[in-house]
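What follows is a short report on a single structure.
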Amino acid sequence: MAWIILAFFDRNSMPPGIKKLQQADATSWMAMYSLNMLRISLELAHHNQAYEESAAKFFRHFLNIGWAMHHIGKREIALWDEDDAFYYDAIQFENGASQRLKVRSLVGIIPLLAVEIMHTDLFTKLKEFNTRLGSIKRTRPDLTKVISDIEKKNKYGNYLFAIMIGDRLEHLLKRLLDEDEFLSDYGIRSLSKCYQDTPFVFGYKGSEYNIKYEPGESSSSMFGGNSNWRGPIWLPINYLIIHALRKYYEYYGDAYTYEFPARSGNKLTLKQIANELTKRLLKIFEKNDAGAYQYHSAEQGQWSNEHFKEHHLFYEFFHGDTGQGLGASHQTGWTALLANLLLEMDED
């Protein structure tokens, strides 16, 4: 799902003259999928040599996806914007020209999730895979240079496979951990709060499409009013972000620290940041100063009733500023990922 499509216009009815949308999030999901399949194939190859071919295929897919994110349209623009230091979707027009949609949303955060840590032991005994890997590196250096330095291993023998090359991780974290943008008291918002007072406007052929930060239920009737990606906190995305930060920490360790929150002067390791983000999500399910659980609405009196006040629901998503539970509340098992986050904190 591309959040920008939901924000501006119906993805099934694009405005005349716009051919397609090059999606930073959807493309990154496929990069993440390729890395997951690569890891699985490498593990299986130690038991069945036939999987070495699959591993080589998924590695090539990952490289191709990384390359495609930097060569859009006739101008071959990249989804990464060097000036803003952020990933954006790009509109491709029928004449072949392309233009980035410079909206700071989860679209630009999803590339963070395309990361995997591979230990040298996974490769050493796989002769066929190593032969194919060497061939790709030798014949297509243009592919390997657009991802992390896969030639460099850390002191523990781990390699980093990721789209976030160079200092992009640091730049992205400055946005992600900014309380005026994505960082809420209760987790990571789906849209930057900078659009609360100044909505983003995209003008095209006399029409204007805009997006405004809406921390709760969407005011848009698009797709039956289910366009709730304009500010609320979604726990599965928060889980994946935290999980990714732990992977980066596995490679970088304590060598790098980042400000949390941004501009606070308080520097933490990536593992510590992952823990702090987990704590903010936990605040949703903790009691506030009024003695009520934060995610319960104060306007719903039943939560003070003796029979209901200790009753917990797993909401679909949560208000970006207050943590109040919103959307469906009885079948959203993904909110139970909070238990996994608790276990990962305990392991630390």
Side-chain angles (χ1 to χ4, degrees), residues 22 24-25 27-29 31-32 34-35 62-63 65-72 76-90 100-118 137 141-156 158-183 188-189 192 194 237 240-277:
Q22 302 289 352
D25 57 337
T27 309
S28 300
W29 283 127
M32 177 182 173
S34 296
L35 282 179
F62 172 64
L63 293 180
I65 292 169
W67 183 90
M69 292 182 73
H70 296 81
H71 299 81
I72 304 297
E76 294 199 338
I77 68 170
L79 299 181
W80 172 263
D81 188 282
E82 290 290 349
D83 294 331
D84 291 356
F86 202 76
Y87 282 98
Y88 296 116
D89 280 348
R100 296 190 192 97
L101 278 175
K102 294 190 175 185
V103 181
R104 294 199 292 277
S105 73
L106 281 178
V107 162
I109 305 299
I110 301 303
L112 178 75
L113 310 183
V115 56
E116 191 58 72
I117 306 299
M118 309 280 191
K137 291 178 183 178
D142 57 319
L143 295 182
T144 56
K145 71 179 182 180
V146 298
I147 64 170
S148 58
D149 188 355
I150 57 175
E151 300 285 353
K152 185 178 180 181
K153 61 182 178 181
N154 66 10
K155 62 181 180 180
Y156 300 109
N158 290 321
Y159 292 91
L160 175 68
F161 286 64
I163 289 177
M164 304 292 295
I165 62 174
D167 58 359
R168 291 183 184 179
L169 177 62
E170 179 180 3
H171 289 307
L172 195 70
L173 289 178
K174 288 178 181 177
R175 302 281 195 192
L176 183 71
L177 306 179
D178 190 335
E179 293 181 318
D180 292 330
E181 294 213 35
F182 290 97
L183 182 60
I188 299 298
R189 304 178 175 103
S192 173
C194 72
I237 298 297
L240 290 173
I241 290 171
I242 292 171
H243 193 57
L245 292 179
R246 293 192 184 281
K247 286 185 178 180
Y248 283 105
Y249 176 78
E250 187 179 347
Y251 182 77
Y252 290 118
D254 297 332
Y256 294 94
T257 57
Y258 306 87
E259 286 187 305
F260 185 92
R263 305 190 308 277
S264 67
N266 179 45
K267 290 198 170 185
L268 302 176
T269 66
L270 290 169
K271 180 173 73 172
Q272 291 171 328
I273 290 173
N275 287 341
E276 290 302 316
L277 289 177

Run the numbers on Y87 and I163 for side-chain contact (heavy atoms from CB on, under 4.5 Å), then give the verdict. CA-CA 11 Å; Y87 282 98; I163 289 177; 3.3 Å; yes

**Study point:** Trace of the side-chain contact (heavy atoms from CB on, under 4.5 Å) decision for D180 with C194
**Key:** CA-CA 6 Å; D180 292 330; C194 72; over 6 Å; no

**OP:** Please assess N275 against R246 for the test side-chain contact (heavy atoms from CB on, under 4.5 Å), listing each intermediate value before the final yes or no.
**Re:** CA-CA 9 Å; N275 287 341; R246 293 192 184 281; 2.6 Å; yes

Point to revise | Working for side-chain contact (heavy atoms from CB on, under 4.5 Å), residues E82 and R168 | key: CA-CA 9 Å; E82 290 290 349; R168 291 183 184 179; 3.9 Å; yes

*asked:* Using salt bridge (Lys or Arg N to Asp or Glu O under 4.0 Å), reason through K102 and D81 one step at a time and then give a plain yes or no.
replied: CA-CA 9 Å; K102 294 190 175 185; D81 188 282; 3.1 Å; yes

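You'll find the side chain of Y258 reaches within 4.5 Å of the side chain of E170, heavy atoms only. In this structure, the side chains of K145 and I165 stay at 4.5 Å or more apart for every pair of heavy atoms. Using a 4.5 Å heavy-atom threshold, the side chains of I109 and I188 count as separate. When side chains are defined from C-beta on, Y252 counts as touching L169, because their heavy atoms get closer than 4.5 Å. Within the 4.5 Å cutoff, no side-chain heavy atoms of L268 are placed close to those of T257.
Of all heavy-atom pairs spanning A162 and I147, the tightest one is O-CB, 3.4 Å. Nearest approach of V107 to A24, heavy atoms of both residues: CG1-CB, 3.6 Å. Minimum interatomic distance between D178 and A262 (heavy atoms only, all atoms of both residues): CA-CB, 3.9 Å. Between A114 and M32 the shortest heavy-atom distance is CB-N, 3.9 Å. Heavy atoms only, all atoms of each residue included: P111 and S28 are closest at CG-OG, 3.2 Å. In this structure, F86 and R104 approach most closely via the heavy-atom pair CE2-CA, 3.7 Å.
With sequence neighbours excluded, the residues forming a side-chain hydrogen bond (donor to acceptor under 3.5 Å, both in side chains) with Y88 are D84, listed by chain and number.
Looking only at distances, no side-chain donor or acceptor of N158 sits under 3.5 Å from a matching main-chain atom of I117. In this structure, T144 contributes its side chain and P141 its backbone to a donor-acceptor pair below 3.5 Å. Side chain of N154 to backbone of Y251: a donor-acceptor contact under 3.5 angstrom is found.
Interatomic distance, E181 CD to K174 NZ, rounded to the nearest 0.5 Å: 12.5 Å. Once rounded to the nearest 0.5 Å, the distance linking CG of L160 with NZ of K153 reads 15.0 Å. Atom NE2 of H243 sits about 12.0 Å away from atom OH of Y248, to the nearest 0.5 Å. Interatomic distance, CG of L183 versus CZ of R189, reported as 7.0 Å (0.5 Å rounding). A distance of 6.0 Å separates CG of L172 from CH2 of W80, quoted to the nearest 0.5 Å. For the atom pair CD1 (I242) and CG (L113), the distance works out to 11.5 Å, reported to the nearest 0.5 Å.
Taking the six-membered ring where the residue is Trp, F161 and F62 present tilted rings, their angle falling between 30° and 60°.
The number of heavy atoms from other shown groups lying within 6.0 Å of NZ (K137) is above 12.
For the residue pair D254/Y249, the side-chain donor-acceptor check at 3.5 Å is satisfied.
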